[in-house]
Amino acid sequence: MDLLYFAVPTILIITGIIMLMIPTSTVFAFKTKTASKNERTQEYCNVLSARIMIALGIIAAVALVLTRNAETGLFGFSDMGDSVMPIMLTALVVSLPVVNFRCRRKFRELFDKEKNGENDLK
């Protein structure tokens, strides 16, 4: 198995750790309209996203190690390492709306104002 397969899980883990250490960072940040509502929502979304990224990175690395001797992959890929990456990246993309939903649920008062037509400038 090529060590290059471990690049994406390593990047996810390192980025997640940075986001946990600096949850208000603007460089390493979960940037959506929901997260950008204010500093509290940005911090919450960054921490939640960081935890997901770290978990996915660890799961992908473990899956790569456990399947290093597999000769065939899933979904028509020739190597198991080629199968793990699309699965992990799909899980990462699927986590985006989950983080937004959890943020809107936690800070319901901020988003209820928006839904009712009120703005934050009052």
Side-chain angles (χ1 to χ4, degrees):
M1 175 177 294
D2 192 6
L3 287 177
L4 189 58
Y5 288 131
F6 290 96
V8 174
T10 303
I11 290 169
L12 280 176
I13 293 168
I14 291 171
T15 303
I17 290 170
I18 291 170
M19 288 172 67
L20 282 177
M21 291 172 49
I22 312 169
T24 56
S25 171
T26 56
V27 177
F28 294 98
F30 182 85
K31 295 185 181 191
T32 63
K33 185 177 178 185
T34 302
S36 301
K37 189 77 169 168
N38 65 27
E39 193 170 305
R40 285 182 12 215
T41 58
Q42 183 68 51
E43 183 175 350
Y44 177 80
C45 289
N46 278 355
V47 169
L48 183 57
S49 180
R51 289 179 179 163
I52 291 169
M53 290 170 65
I54 292 169
L56 286 174
I58 291 170
I59 290 168
V62 168
L64 287 169
V65 169
L66 292 177
T67 61
R68 69 183 176 275
N69 294 327
E71 293 182 16
T72 60
L74 300 171
F75 309 117
F77 289 103
S78 60
D79 189 351
M80 198 59 185
D82 291 335
S83 301
V84 170
M85 290 305 112
I87 294 169
M88 183 205 50
L89 293 175
T90 300
L92 184 63
V93 169
V94 168
S95 75
L96 298 175
V98 171
V99 173
N100 273 333
F101 175 76
R102 294 274 312 266
C103 183
R104 284 181 170 274
R105 214 164 136 208
K106 179 164 177 70
F107 299 103
R108 190 169 275 143
E109 70 280 356
L110 294 174
F111 297 102
D112 283 346
K113 288 180 185 177
E114 184 180 282
K115 192 184 291 183
N116 294 332
E118 300 176 21
N119 61 24
D120 293 335
L121 299 177
K122 289 183 180 181

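Position 1 is the first residue of the sequence, and the numbers go up from there.
Expressed to the nearest 0.5 Å, how far CZ of Phe111 lies from NZ of Lys106 amounts to 12.0 Å. The distance from the CZ atom of Arg108 to the CG atom of Leu110 is 12.0 Å, given to the nearest 0.5 Å. Interatomic distance, Ile59 CD1 to Ile87 CD1, rounded to the nearest 0.5 Å: 12.0 Å.
Heavy atoms only, all atoms of each residue included: Leu56 and Ala91 are closest at CD2-CB, 3.7 Å. Shown here for Met19 and Asn46, the closest heavy-atom pair between the two residues is CE-O, 3.5 Å. Ser25 and Ala29 make their closest contact through O-CB, 3.2 Å (heavy atoms, listed as atom of the first residue, atom of the second, distance).
The list of ring pair (Phe, Tyr, Trp, His ring centres under 6.0 Å) pairs with a residue in residues 42-63, not counting sequence neighbours, reads Tyr44-Phe107.
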Show me the side-chain donor-acceptor pairs of residues 11-18 shorter than 3.5 Å, one per line, residues at least two apart or across chains.
residue, atom, partner, partner atom, Å
Thr15, OG1, Ile11, O, 2.8

Which pairs would a plain distance check flag for residues 47-55, meaning a side-chain donor or acceptor within less than 3.5 Å of a matching protein atom at least two apart in sequence or in another chain?
none

Atom pairs and distances, donor-acceptor, side-chain atoms in residues 93-101, under 3.5 Å, two or more places apart:
residue, atom, partner, partner atom, Å
Ser95, OG, Leu92, O, 2.6
Asn100, OD1, Thr32, OG1, 2.8

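Contacts of Arg102 classified as salt bridge (charged side-chain N to carboxylate O under 4.0 Å, His left out), with partners at least two apart in sequence or in another chain: none. With sequence neighbours left out, the side chain to side chain donor-acceptor pair (under 3.5 Å) criterion links Glu43 to no other residue.
Using a 4.5 Å cut-off on side-chain heavy atoms (C-beta onward), Leu64 and Met85 make contact.
The salt bridge (Lys or Arg N to Asp or Glu O under 4.0 Å) with Glu109 is formed by just one residue from the set Lys37, Arg40, Arg104; it is Arg40.
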